[in-house]
Amino acid sequence: MANLAATGSITALIVTTLAPFAIAVTPTPLPPRAVAPTYAKDVASLLNNRCVSCHRPGEVAPFSLIGYENAKLHASMVCAVTESRRMPPWKAVHGYGEFRGENRLTEEEIALLAAWTKAGSPQGNKRQEPKVPVFTSEWSLGKPDLILTQSKPFKVSPEGADIYRNFVFKTNFDQPMWVKAIDVKPGNRKIVHHMIAYLDDGNSALKLEKRLADGQEGYTSDGGGVGIMPSGMLGGWAPGLQPHLTPNGIAFKLNPHSTIIMQVHYHRTGKEEADQTKLALYFAKEPITQEMNMHWAMDLGLNIPAAAAAHKVVKERILPRNMTFYAAMPHMHLLGRTMKAWFDLPDGKRIPYIYIDDWDFNWQLSYPMAKPISVPRGTKLHVEATYDNSAANPRNPNSPPKAVRWGEQTTDEMFLLLSACTWDKQDAPQAKTTGSP
């Protein structure tokens with residue numbers, strides 16, 4: 001589900017910037033084939049189905065792959081990043097847990113792209129080319145039910161630390177509303193690091209906004225939090241994260257007259273920038289019988305010694321109720337290398353959950369389960385991670401290495417596994433389900 005995401009805040013779930021695509025990889029040798037693959041017959045449909053949702057104008061990818069000319073121009077790059085498994089972005093180990101919409105190319109598809117590139121990227125018979133996908137809305141899930149945004153762009157000065165800016169929106173619904181998905185359109189991708197949508201039933205954020213007024217909309221908070229204890233959250237966004245609807249009959253609850261806090265994490269670029277990010281909400285059209293919740297597995301006492309090349313951290317939690325898990329989102333920063341999680345049931349059975357064996361801070365994704373995982377009360381959730389705080393780690397932000405603790409800045413570190421889940425024995429919600437704001 002697209003709502004899950006993270007970065008440098010305690011509830012943060014997101015990413016920083018897209019990794020550069022500069023990489024050189026020699027195409028894998030292929031068995032001889034009578035006819036070289038062509039764009040029209042072989043490659044266009046693959047790119048259209050697997051790539052252009054991001055590789056198109058206005059989206060997160062750095063170049064377009066729509067049409068033959070674009071595909072040919074970037075053929076060597078496409079070959080390199082697919083052979084290295086950097087693209088499409090998918091970090092979960094195949095076969096450890098089962099996921100919906102696994103964003104991986106098959107070996108045959110990777111070999112096809114390599115053969116096409118090696119043959120000089122021929123176009124083939126243009127009349128055989130499939131139609132270019134038509135994107136009817138700027139929003140991948142269609143027209144939202146509600147869009148929240150600042151009334152004018154927020155200005156970010158050239159120098160200083162990152163900014164956690166909280167934009168406050170008071171809703172006027174007289175009945176509970178049920179949110180099936182959120183989506184985000186950053187106004188300025190150069191500076192938007194991630195976004196988290198919090199809920200505030202007590203409307204305390206409105207008072208804080210007035211108290212901390214500085215001439216621009218919203219207020220700035222320290223350390224990644226929102227300055228109050230939120231009553232919940234709707235999820236988050238980071239580059240590369242795609243929105244998904246929650247399962248039928250399940251949604252996040254937005255209480256009547258609640259306040260939504262759109263927290264945007266901004267980087268600075270060395271010059272003045274401006275941003276006007278949009279947060280879109282999709283409401284349930286079907287009756288809702290269960291409320292979606294968030295489960296956190298984290299280590300706030302994280303302390304990674306300087307020069308430790310494989311520092312291991314393990315957290316275990318006995319689940320206090322019968323629970324069903326729908327999506328997982330691991331989160332670490334620049335020192336993270338691996339994260340693995342599983343369930344140990346009371347009867348001794350073990351269920352794999354998720355395994356990231358090559359963590360990349362640039363691709364923090366949400367992984368929806370192919371089938372929900374239901375576990376009984378007393379199940380142990382086991383999460384372990386490793387960190388490389390040595391000088392040999394090219395991503396280490398400190399030279400020489402120094403001890404790193406839990407913190408909100410990218411140069412700090414985190415141990416966090418966020419899960420979307422439901423649990424038994426909750427009252428059936430009394431809710432408006434028409435989905436109209």
Side-chain angles (χ1 to χ4, degrees), residues 1-6 10-11 13 90-104 232-233 235 244-253 287-302 310-332 336-359 364-387 414-429:
M1 51 180 302
N3 320 54
L4 310 183
I10 186 171
T11 41
L13 311 168
W90 184 267
K91 304 303 294 182
V93 172
H94 178 65
Y96 193 91
E98 298 180 5
F99 303 97
R100 174 165 49 92
E102 191 166 338
N103 194 22
R104 299 171 63 253
M233 64 181 293
H244 297 279
L245 294 168
T246 57
N248 190 57
I250 302 172
F252 293 88
K253 187 178 183 181
I288 298 301
T289 57
Q290 279 191 300
E291 180 180 350
M292 188 70 83
N293 297 281
M294 296 291 189
H295 178 272
W296 305 82
M298 56 188 176
D299 184 1
L300 296 177
L302 186 66
H311 181 70
K312 186 174 182 179
V313 179
V314 176
K315 298 296 288 185
E316 294 181 334
R317 187 187 179 201
I318 304 298
L319 302 179
R321 52 174 68 92
N322 301 332
M323 300 178 70
T324 300
F325 290 77
Y326 296 88
M329 186 169 186
H331 174 68
M332 298 182 285
R337 295 302 306 129
T338 70
M339 182 174 283
K340 191 173 189 178
W342 64 84
F343 299 99
D344 284 328
L345 276 58
D347 64 5
K349 181 181 179 181
R350 175 166 292 182
I351 300 177
Y353 190 23
I354 190 168
Y355 180 25
I356 307 294
D357 67 347
D358 183 24
W359 172 258
Q364 301 181 48
L365 307 175
S366 174
Y367 299 91
M369 303 294 109
K371 295 181 180 179
I373 299 176
S374 295
V375 296
R377 178 186 296 104
T379 293
K380 180 188 294 183
L381 173 60
H382 182 104
V383 187
E384 60 183 43
T386 59
Y387 298 84
M414 286 192 178
F415 174 107
L416 174 63
L417 176 62
L418 183 72
S419 300
C421 61
T422 59
W423 49 70
D424 291 355
K425 296 185 178 179
Q426 60 179 349
D427 293 335

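A distance of 6.0 Å or more separates the ring centres of Y355 and W342.
Nearest heavy atom pair, residue V313 against residue L302, reads CG2-CD1, 3.7 Å. In terms of heavy atoms, P330 sits closest to I356 at CG-CG1, 3.9 Å. Taking every heavy atom of both residues into account, P368 and A327 meet most closely at CA-CB, 3.9 Å. Across M329 and L365, no two heavy atoms sit closer than the pair CG-O, 3.3 Å. Closest approach of L417 to A341, counting heavy atoms only: CD2-CB, 3.7 Å. Heavy-atom minimum distance, P320 versus R377: O-NE, 3.2 Å.
Counting heavy atoms of neighbouring residues, nucleotides and ligands inside a 6.0 Å radius, atom CD of E102 exceeds 12 of them.
The closest side-chain heavy-atom distance from Y326 to T246 is not below 4.5 Å. Proximity of Y387 to M332: side-chain heavy atoms (C-beta onward) are separated by under 4.5 Å at one or more points. Residues L319 and W423 form no side-chain contact, since every pair of their non-hydrogen atoms from C-beta on lies 4.5 Å or further apart. Inter-residue side-chain proximity for M294 and F252 is flagged as met; some heavy-atom pair is nearer than 4.5 Å. A 4.5 Å side-chain heavy-atom check between V383 and F415 finds at least one atom pair inside the cut-off. Looking at heavy atoms from C-beta onward, N322 lies out of side-chain contact with S374 at the 4.5 angstrom threshold. Taking the side chain as every heavy atom from C-beta outward, P352 and K340 never approach each other to under 4.5 Å. Taking 4.5 Å as the limit, every side-chain heavy atom of C421 sits out of range of all side-chain heavy atoms of T324.
Atom CD of E98 is separated from atom CD1 of I351 by 11.0 Å, given to the nearest 0.5 angstrom. With rounding to the nearest 0.5 angstrom, the CG atom of D357 is 8.0 Å from the OG1 atom of T338. We find the OG1-CD1 distance between T289 and I250 to be 6.5 Å, quoted to the nearest 0.5 Å. From T422, atom OG1 reaches atom CE of M323 across 8.0 Å, with rounding to the nearest 0.5 Å.
A distance-only check finds no donor-acceptor pair linking the side chain of Y367 to the backbone of W90 [under 3.5 Å].
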Just do the salt bridge (charged side-chain N to carboxylate O under 4.0 Å, His left out) check on K253 and E291 with the steps written out, would you? CA-CA 6 Å; K253 187 178 183 181; E291 180 180 350; 5.2 Å; no
Derivation of the side-chain contact (heavy atoms from CB on, under 4.5 Å) call for M298 and M414: CA-CA 8 Å; M298 56 188 176; M414 286 192 178; over 6 Å; no
Passes side-chain contact (heavy atoms from CB on, under 4.5 Å), Y353 versus H382? Steps please. CA-CA 9 Å; Y353 190 23; H382 182 104; over 6 Å; no
Step by step, work out the salt bridge (charged side-chain N to carboxylate O under 4.0 Å, His left out) result for R337 and D358. CA-CA 6 Å; R337 295 302 306 129; D358 183 24; 3.0 Å; yes
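Between F325 and H295, the ring planes lie perpendicular to each other; the angle is over 60°, past the 30° to 60° tilted range.
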